[in-house]
Amino acid sequence: MERYEPAKIERKWQEIWAREGAFTVPNPEPGSVGDDRKTYVLEMLPYPSGELHMGHVRNYMLGEVVSHFRRRRGEAVLRPMGFDSFGLPAENAAIKEGGHPRDVAERNIAAIRTQIERMGWAIDWSRVLATHEPEYYRWTQWLFLRFFERGLAYRREAAVKWCPNDQTVLANEQVIDGRCERCGAEVEAKSLEQWFFRITDYADALLDEMALLESWPERVLTMQRNWIGRSEGAEVVFEVEGSGETIPVFTTRPDTLFGATFFVLAPEHPLVSELVRGTEAERDVLAYVRRSAARSAVEREEKDKDGVSTGRHVVNPATGEPIPIWVADYVLMEYGTGAVMGVPAHDERDFSFAERYGLAVRTVVAPAGEKAPPEGAFVEHSADERLVNSGRFSELPAPEGKRAIVEWLEAEGRGQATIGYRLRDWLLSRQRYWGCPIPIIHCDRCGVVPVPDDQLPVLLPEIEEYLPKGRSPLASAEDWVRVSCPSCGGEARRETDTMDTFVDSSWYFIRYTDPANDGAPFDREIADYWLPVNQYIGGVEHAILHLLYARFFTKVMNDIGLVGFREPFARLFTQGMLHRHGAKMSKSKGNVIVPDEYIERYGADAVRLYLLFIGPVEQDAEWQDAGFEGIVRFLHRLWRVVLEAAEAGDEGTADGPLARKAHETIARVTDDIGRRFALNTPIAAVMELVNEIGRRPGDPAMRFAAETAVSLIQPYAAHIAEELWERLEHSRLWEEPWPEADEALLERDSFVLVVQVNGKVRGRVEVPAGLPEDELVARAKELPRVRARLDGVEIRKAIVVPGKLVNLVVQG
RNA sequence: GCCGAAGUGGCGGAACUGGUAGACGCGCUGGACUCAAAAUCCAGUGGGGCUUGGCCCCGUGCGGGUUCGAUUCCCGCCUUCGGCACCA
């Protein structure tokens, strides 16, 4: 018998698919939109920083199986591919290896594309894009200008996070525990002019419109909710004694206003220097501010709370008492107003601060029905609490107290209900070379002027010296920077910052629908046909950054009228990571395995199958060569068994046990892929079927069972399935409809009845289907091991589960 | 500290709605084929016990509970992993 030689057949079918455009899907004809038999399957686009490893391959297998399955179920399936090729990884790689980032990126893209093609994935290559190509980033710039027109992109001086290693600013989202998420360097604070997207305007939409999502992992939604950090509270205005100046604070506990015994400003608060100017405290306060500035975020958080008194006071609007103003770095300038009222009795942080500096502690909320807690102590939050020591608000339950105090503040003009967010505006400018230029011109007369649409794209200039030096490398391209102002024609300068790569990847999923459009980023009708993405697939590491930004972009595009949908991804699936030797695959750990040599020796199909067989896709998994061998064996067995069946000739679709097994397998695999999203168990089901065929040589249903096995395994092992299908005298399995199980054949005429006594299995007996309950009980009682236990005792109850089991409950 | 997910043989995992725990694969043991080996094929394989052609007991992280019946539901704990964390 001919041997299974994957290298030969895989090349053959890959060529056929490419030649026939097997996985190229056309856009709908204009006007014919409305057909809902479409599926948009999308995996997060890869960053071409090196080559593809097994972890990536596993991720793409998920979309692979789903798109084959749904196409064969009659849907138009869009599954594109592209490359997120701008950004630090390509630039850093270029710096290390020497050379231009473009060359590095394009070399990596070519290498990855070759790897992908060798995997034989069903991808529509006619829509491929790379975010560094001018044909793409022209429209990234165009979208930026639309944001700019609406005030959603703006420039301001801000205290920003600076990575001293990457020599660029970072978005808040890119700072983890005070460190750069890319390189791990401790982040520094700097004050710089930067570009921002006003994502905070969309904070509520980003929260509320989660309701429009069909199926997202709960934990991803929770992470986004935490990140946005909406909290309801009030802004309370405090007046500085002596100057009449006012300082607002944000609080979620306006009910504790009477307990505010001190007031704290963040060291960065703009009023600090003014408040202490010329006072005795000035030197100490300014020294404290300097010391805080030198402390890293991590240090600030780990030390005990400290601070310094300003000697000045504000008036507590509730009590009319003057309370001291302190400066302390446990108050963060980035959150709320950079100032807080200190309520030590009801806030742990304020309490430890008050303890250290001997500040007054006043209880103003106490559990109902109990006698007042001791003065000067911290009082835990409790379910049923009421206000005390709060003037006319005393005795009110806390929620009402909150409302009443806010109402009173509003009437007095001393505050109002507000909502605080943890979310900050998205800092999008980067002082690096390899990114999308910001299409803005600075003119001394006209100020900040957008580049007119018809002058897009603003091409990234070719420069030799692109190394990060703390200011934008683009600034050194003097000919490029110098430009005439589009508004007044005078001398002007180009913006030299580039965009964060997350901007590039915030709209690519729409460009795929209309990738060659050179008059607009995409056609709205086509975009509205394909989107939202029916199944988005990616790593949970993008739970906040990319997914939040893409949602934000989509909402803005919808508000502008560019698209008809509010959410880009209806269903999201986050897959687990692939480990090896107990650790996540990474170059630094040296445990990376690439598919290439495995493809060469065992074929792409073995790699494809194994990566899904290894375990549930949503869980982490461990690559084991021993397990891989089992799959290689299975493919050889499949090959042999099917070729034997092909020789057996067509004896028609008989019924009988093997035919029934085949239909059962169809039902299982269809349900697992289509409904349960379980991609490992279908492989086991097909293995069972193949084992069964091997055990029954000469069975009249052999050929049918073999065809079924081949057809069901096709989304996983596309090459061998196609080859075997051809040898079974058919053609083009990828276009063949997905098989359907014959319900009638699934009905069994007998089954194995499980018999329990007091819930423990004591026997099994084959019985005909459809027996009445009392007959089932009678059969159960006849079993010897059951009879032995019924001797001399009374059956109190008999539970019958039709088609499954009988449980006899006896005394005792 | 708060939130979330997970814990099943020697290993990866299966058991979907409370109804046969361990499908499928790896490994291991025995057998067939072979001069021999590899490959392949067949059979067995959770643990313990016994009067061993069979039967009994135990068994899904630990302790309770609900139920005729719990890997599955409820309460309490332990461990591991992930996220958030001075957010006023």
Side-chain angles (χ1 to χ4, degrees), chain A residues 176-177 217-227 229-231 233 249-253 256 260 264 266 297 300-303 305 328-332 334-343 346-350 352-353 420-423 540-541 543-544 576-577 609-610 613-616 618-631 633-634 636-637 640 668 671-672 675-676 678 680-691 694-695 752-764 784-785 788 796-810:
Chain A
I176 291 157
D177 291 331
E218 197 48 50
R219 64 178 174 145
V220 173
L221 296 178
T222 305
M223 282 161 75
Q224 292 208 353
R225 264 186 225 110
N226 289 345
W227 188 261
R230 181 190 150 104
S231 52
V249 301
F250 175 72
T251 178
T252 54
R253 298 287 311 273
T256 63
V264 193
R300 273 190 177 202
E301 196 171 327
E302 280 168 359
K303 69 173 175 57
K305 292 184 183 15
D329 63 8
Y330 81 90
V331 174
L332 310 173
E334 310 91 84
Y335 186 77
T337 62
V340 302
M341 60 184 204
V343 185
H346 304 290
D347 182 287
E348 279 185 81
R349 295 153 301 172
D350 295 342
S352 68
F353 190 75
Y421 297 93
R422 205 189 87 110
L423 183 69
V540 75
E541 66 273 17
I544 296 170
M577 260 184 308
L609 269 173
Y610 176 60
F613 186 65
I614 197 167
E618 67 275 16
Q619 282 172 30
D620 290 352
E622 169 89 13
W623 175 280
Q624 288 175 325
D625 280 337
F628 180 75
E629 282 169 31
I631 286 293
R633 259 180 245 173
F634 165 69
H636 280 96
R637 190 159 62 244
R640 183 172 52 80
R668 270 174 73 185
D671 190 52
D672 282 358
R675 183 182 62 85
R676 296 178 58 207
N680 51 335
T681 45
I683 303 172
V686 174
M687 284 175 169
E688 279 185 55
L689 178 59
V690 172
N691 290 346
R695 249 181 248 127
V752 176
L753 179 73
V754 173
V755 181
Q756 298 181 331
V757 178
N758 287 345
K760 285 190 193 224
V761 179
R762 296 299 174 190
R764 297 179 174 85
R785 287 171 59 205
R796 299 210 326 229
K797 210 196 291 191
I799 283 133
V800 180
V801 182
K804 280 209 170 117
L805 71 85
V806 166
N807 185 15
L808 302 172
V809 184
V810 302

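In what follows, every chain begins at residue 1, and chains take the letters A, B, ... in the order their sequences are listed.
- Using atom P as the reference point in both B:rC74 and B:rG4, the two lie 13 Å apart (nearest Å).
- Computed from coordinates, the A:E688 CD to B:rG25 C1' distance equals 11 Å when rounded to whole Å.
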* Asked: After noting the C-alpha distance and the side-chain angles of A:K303 and A:D329, does the key distance pass the salt bridge (Lys or Arg N to Asp or Glu O under 4.0 Å) rule?
  -> CA-CA 10 Å; A:K303 69 173 175 57; A:D329 63 8; 2.7 Å; yes

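- Computed from coordinates, the A:Q756 CD to B:rU20 P distance equals 8 Å when rounded to whole Å.
- Comparing B:rA85, B:rC41, B:rA15 by their nearest atom to the side chain of A:R422 picks out B:rA85.
- The side chain of A:T681 lies closest to B:rA14 when the candidates are B:rA88, B:rA14, B:rC68.
- Taking the side chain to side chain donor-acceptor pair (under 3.5 Å) definition, one finds that A:D672 meets it with A:R676, A:T681, sequence neighbours left out.
- Using a 4.0 Å heavy-atom distance criterion, A:R230 is classed as making no nucleic acid contact.
- On the P atoms, B:rA23 is 15 Å away from B:rC16, given to the nearest whole Å.
- Straight-line distance between the C1' atoms of B:rA21 and B:rU71: roughly 8 Å, to the nearest whole Å.
- Of the listed nucleotides (B:rG25, B:rA23, B:rC84), B:rG25 has the atom at the smallest distance from the side chain of A:N691.
- Put simply, CG on A:L332 is 12 Å from C1' on B:rA85, counting in whole angstrom units.
- B:rG13 and B:rG25 are spaced 9 Å apart, taking the C1' atom of each and rounding to whole Å.
- Distance from the side chain of A:R675 is smallest to B:rC16 among B:rC16, B:rC26, B:rU20.
- Comparing B:rG10 with B:rC62, their P atoms are spaced 14 Å from each other, to the whole Å.
- Put simply, the side chain of A:R253 does not reach to within 4.5 Å of the side chain of A:V343, judged on heavy atoms.
- Of all heavy-atom pairs between A:V686 and A:F634, the closest is CG1-CZ, 4.1 Å.
- When the nearest nucleotides of RNA chain B are assigned to A:V754 and A:D672 by heavy-atom distance, the more 5′-ward of the two goes with A:D672.
- In this structure, of B:rG25, B:rC84, B:rC3, it is B:rC84 that holds the atom nearest to the side chain of A:I544.
- RNA chain B contains the following stems of three or more consecutive Watson-Crick or G-U pairs, with both distances under 3.5 Å: B:1-7 with B:78-84, B:10-12 with B:24-26, B:27-32 with B:40-45, B:46-50 with B:54-58, B:61-65 with B:73-77.
- One C1' atom belongs to B:rA32, the other to B:rG18, and the distance between them is 45 Å to the nearest Å.
- A:V540 comes within 4.0 angstrom of nothing in the nucleic acid, heavy atoms only.
- Of the listed nucleotides (B:rG25, B:rA15, B:rU40), B:rU40 has the atom at the smallest distance from the side chain of A:R633.
- In this entry the distance linking NE2 of A:H346 with P of B:rA88 reads 17 Å, nearest Å.
- Between A:N758 and A:V809, the closest side-chain pair of non-hydrogen atoms falls below 4.5 Å.
- B:rA14 and B:rU60: their C1' atoms are spaced 12 Å apart (whole Å).
- A:Q756 contributes atom CD, which lies 10.0 Å from atom CZ of A:R764 (distance to the nearest 0.5 angstrom).
- Counting only N and O atoms by type, the side chains of A:N691 and A:R637 include a donor and acceptor under 3.5 Å apart.
- Taking every side-chain heavy atom of A:I799 into account, B:rG19 is the closest of B:rG12, B:rA88, B:rG19.
- At the heavy-atom level, A:K760 lies under 4.0 Å from the strands shown only through sugar-phosphate atoms.
- Remark: C1' of B:rA39 and CZ of A:R640 are 12 Å apart, rounded to the nearest angstrom.
- Closest contact between the side chain of A:N680 and the listed nucleotides B:rG13, B:rC68, B:rU40 involves B:rG13.
- Across the protein-nucleic acid pair, A:D620 atom CG and B:rG83 atom P stand 11 Å apart, rounded to whole Å.
- Side-chain contact between A:R785 and A:V755 is absent, with no heavy atoms from C-beta onward closer than 4.5 Å.
- When distances run from any side-chain atom of A:A684 to the nucleotides B:rA23, B:rC11, B:rG69, the shortest one goes to B:rA23.
- Candidate nucleotides B:rG12, B:rG83, B:rC56 were compared by shortest atom distance to the side chain of A:I614, and B:rG12 ranks first.
- Looking only at side-chain heavy atoms (C-beta outward), A:M687 and A:V690 stay at 4.5 Å or farther from each other.
- Rounded to an integer number of Å, the gap from CD of A:E629 to P of B:rC28 is 10 Å.
- A:Y330 and A:F353 have tilted rings, their planes meeting at an angle from 30° to 60° on a 0 to 90° scale.
- Atom C1' of B:rU20 sits at a distance of 14 Å from the matching atom of B:rA70, rounded to the whole Å.
- Ranked by how close their nearest RNA chain B nucleotide is to the 5' end, A:I683 and A:A621 are led by A:A621.
- In B:rG13 the O4'-C1'-N dihedral to the base is more than 90° from 0, which defines an anti nucleotide.
- Heavy atoms of A:V801 sit under 4.0 angstrom from at least one base atom.
- Rounded to whole Å, the distance from CD1 on A:I631 to P on B:rG12 is 17 Å.
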